[in-house]
Undergrad: 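Would you mind keeping the following structure in view while I ask a few things?
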Amino acid sequence: MGSPMAQNLIKAGCDVTVWNRTKSKCDPFISLGAKYRSSPEEVAANCDVTFAMLADPESAIDVACGKNGVLSGMGPGKGYVDISTVDGATSKMINGHIKATGALFLEAPVSGSKKPAEDGQLIFLTAAGDRSLYDSVAPLLNILGKSRFYLGEVGNGAAMKLVVNMIMGSMMASFSEGLLLSKKVGLDPNVLVEVVAQGAISAPMYSVKGPSMVKSHYPTAFPLKHQQKDLRLALGLAESVSQSTPIAAAANELYKVAKAYGLSDEDFSAVIEALKAKSDDSA
Ligand SMILES: NC(=O)C1=CN([C@@H]2O[C@H](COP(=O)(O)OP(=O)(O)OC[C@H]3O[C@@H](n4cnc5c(N)ncnc54)[C@H](OP(=O)(O)O)[C@@H]3O)[C@@H](O)[C@H]2O)C=CC1
Ligand SMILES: O=CC(=O)O
């Protein structure tokens, strides 16, 4: 996700500096004219605003607060925008450390996958006490996304993102059951995809991913391991306010099975494989 975003900023003429743990992934952007720095600290020290797009809470904390991390390069007049999908506690913790340096912080998780990221069509769910940073990076968010929501206090962006992805994970698990059931009772699952697309339960996700799921192809847009991470974090959020979420809990178990089958880096639609395996077990 960080790659297409960096590419769009460069194409729009922004002065972009890149860093990634695996350096080779920076090479295409250096070829396009981006500068390279050898640590998050150096990026932060040399840029007015630093964007981070990281896998999970652990990597977000490590890159922000770890050795040679963003914190060491932050200070008054600078801003840090974390786009990674994390939980509210992680976001608040990073916010606290960044603010202590005199810099400003925004949490800004996004909805939308690889293609929307390439097309600059992401939906930004941004939240922070730092409205001034939100306003000053708005032109950059407009390059990367098609819409943005300012949600107030830090933690609200993370919560909104987790609720959305909790729904998405359950939808995909349910769709997978439907595809397999239709096939087992002698229907053509391709026709099911078309029927679903015409009615009230239509969703771009079903139309885009359904045809390849029928062919057992799962080209990765949103890695399955991240969908399971988001369900896990959403269940934690639900637990924190005693909200019952039995559907999401069942979906989470399915994604865990899919991970155990080695499908972590496949697209999250590969969760259907866990159901195929379960059906085989009971046959
Ligand atoms: N893919 C999607 O459709 C969407 C994803 N998201 C969220 O965006 C985030 C990124 O997703 P995506 O790009 O798909 O994920 P990837 O797994 O493709 O990329 C993860 C990035 O995090 C880096 N990283 C992982 N662990 C560490 C670490 N310990 N220290 C430093 N860097 C680390 C990776 O570096 P390296 O290259 O070295 O491995 C890589 O740059 C996730 O939080 C995901 O939930 C949100 C919306 C859509
Ligand atoms: O977080 C994933 C997405 O597609 O949005």
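Numbers here are sequence positions counted from 1. Just follow the structure's listing: the first ligand is 1, and inside any ligand the first atom is 1.
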Undergrad: Is there a side-chain contact between Ile123 and Phe149 in this structure, where contact means two heavy atoms from C-beta onward sitting under 4.5 Å apart?
TA: yes
Undergrad: Tell me whether Ser39 contacts the main-chain N or O of Glu42 through its side chain, where contact means a donor paired with an acceptor under 3.5 Å.
TA: yes
Undergrad: Looking at atom 31 (C) of ligand 1, what's its closest protein heavy atom, distance included?
TA: Val63 CG2, 3.5 Å
Undergrad: Can you tell me which residue and heavy atom of the protein come closest to atom 13 (O) of ligand 1, and the distance to 0.1 Å?
TA: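 Answer, as residue, atom name and distance: Met1 N, 2.8 Å.
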Undergrad: Could you name the option among Thr22, Ile61, Val110 that has the heavy atom nearest to atom 47 (C) of ligand 1?
TA: Val110
Undergrad: Can an N or O of Phe222 be found at a distance shorter than 3.5 Å from an N or O of ligand 2?
TA: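 No.
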Undergrad: Just wondering, do Ser91 and Phe105 contact through their side chains at under 4.5 Å, heavy atoms?
TA: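 A side-chain contact exists here, since the closest heavy-atom pair is under 4.5 Å.
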Undergrad: Are Lys256 and Leu231 close enough that some pair of their side-chain heavy atoms sits under 4.5 Å apart?
TA: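 Result no, sub-4.5 Å side-chain heavy-atom pair not found.
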Undergrad: Counting only heavy atoms, which portion of Asn165 has something under 4.0 Å from ligand 2: side chain, backbone, both, or neither?
TA: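 Looking at Asn165 and ligand 2, just side chain atoms fall under 4.0 Å.
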Undergrad: Distance under 4.0 Å to a non-hydrogen atom of Ser113: what atoms of ligand 1 satisfy this?
TA: 2 (C), 3 (O)
Undergrad: Starting from Met213, can I reach Met168 by hopping between I/L/V/M/F/W/Y residues whose side chains sit under 4.5 Å apart?
TA: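 Met168 clusters together with Met213.
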Undergrad: Please tell me if the side chains of Met172 and Ile272 come closer than 4.5 Å, counting only heavy atoms from C-beta onward.
TA: no
Undergrad: Can you tell me which portion of His226 lies within the under-4.0 Å heavy-atom range of ligand 2? Options are side chain, backbone, both, or neither.
TA: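 It is neither; nothing of His226 touches ligand 2.
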Undergrad: Tell me whether Leu141 shares a hydrophobic cluster with Val16, the cluster being built from Ile, Leu, Val, Met, Phe, Trp, Tyr side chains joined at under 4.5 Å.
TA: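 Yes.
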Undergrad: Checking the N or O distance criterion of under 3.5 Å, is ligand 1 in contact with Arg21?
TA: yes
Undergrad: Trp19 to ligand 1: N or O pair under 3.5 Å?
TA: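 Not met; the criterion fails.
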Undergrad: Got a salt bridge between Lys225 and Asp56, using NZ or NE/NH1/NH2 to carboxylate O under 4.0 Å?
TA: no
Undergrad: Give, for atom CG of Leu54 and atom CG of Asp82, the distance between the pair rounded to the nearest 0.5 Å.
TA: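 Rounded to the nearest 0.5 Å, the CG-CG separation comes to 6.5 Å.
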Undergrad: Between Tyr255 and Arg232, is any side-chain donor less than 3.5 angstrom from a side-chain acceptor?
TA: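 The criterion, which ignores hydrogens and geometry beyond distance, is not satisfied for Arg232 and Tyr255.
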Undergrad: About how many Å separate CG of Leu179 and NZ of Lys209, when rounded to the nearest 0.5 Å?
TA: 13.0 Å
Undergrad: Any atoms of ligand 2 less than 4.0 Å from a non-hydrogen atom of Ser111? List them with their elements.
TA: 5 (O)
Undergrad: Can an N or O of Lys161 be found at a distance shorter than 3.5 Å from an N or O of ligand 2?
TA: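 Among all N and O atoms of Lys161, at least one is under 3.5 Å from an N or O of ligand 2.
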Undergrad: Is atom 19 (O) of ligand 1 less than 4.0 angstrom from some protein heavy atom?
TA: no
Undergrad: List every atom of ligand 1 that sits less than 4.0 Å from any heavy atom of Lys25, numbering the atoms from 1 in the order shown and giving each element.
TA: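 Answer, ordered by atom number: 36 (P), 37 (O), 39 (O).
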Undergrad: Are any of the side-chain nitrogens in Lys146 or Asp119 under 4.0 Å away from the carboxylate oxygens of its partner?
TA: no
Undergrad: Can you list the atoms of ligand 1 that are under 4.0 Å from a heavy atom of Pro223?
TA: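 Close to Pro223: 1 (N), 14 (O).
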Undergrad: Using a 3.5 Å cut-off on N or O atoms only, is Lys229 in polar contact with ligand 1?
TA: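 Yes.
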Undergrad: Can you tell which of Asp265, Leu54, Leu122, Thr85 gets a heavy atom nearest to atom 9 (C) of ligand 1?
TA: Leu54
Undergrad: What is the closest protein heavy atom to atom 40 (C) of ligand 1, and at what distance does it sit?
TA: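 That would be Asn20 OD1, 4.0 Å.
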Undergrad: Evaluate the side-chain proximity of Ile143 to Leu9: yes if any heavy-atom separation is below 4.5 Å, no if none is.
TA: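 With C-beta onward as the side chain, the pair touches.
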Undergrad: How far is atom 48 (C) of ligand 1 from its nearest protein heavy atom, and which residue and atom is that?
TA: Gly112 O, 2.9 Å
Undergrad: As an exercise, state the distance from CG of Leu181 to OG of Ser176, rounded to the nearest 0.5 Å.
TA: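 Atom-to-atom, Leu181:CG and Ser176:OG are 12.5 Å apart.
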Undergrad: Which heavy atom of the protein is the closest neighbour of atom 17 (O) of ligand 1, given with residue, atom name and distance?
TA: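 Heavy-atom neighbour on the protein nearest atom 17 (O) of ligand 1: His226 NE2, 3.0 Å.
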Undergrad: Please state which option from Ser84, Pro4, Ala55 has its nearest heavy atom closest to atom 43 (O) of ligand 1.
TA: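 Of the listed residues, Ala55 has the closest heavy atom.
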Undergrad: Numbering the atoms of ligand 1 from 1, which are under 4.0 Å from a heavy atom of Ala221?
TA: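 Ligand 1 atoms under the 4.0 Å threshold to Ala221: 1 (N), 2 (C), 3 (O).
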Undergrad: Of all the non-hydrogen atoms in the protein, which one sits nearest to atom 8 (O) of ligand 1, and at what distance?
TA: Met53 CE, 3.0 Å
Undergrad: Which bit of Met168 is near ligand 2, meaning a heavy atom under 4.0 Å away: side chain, backbone, both or neither?
TA: side chain
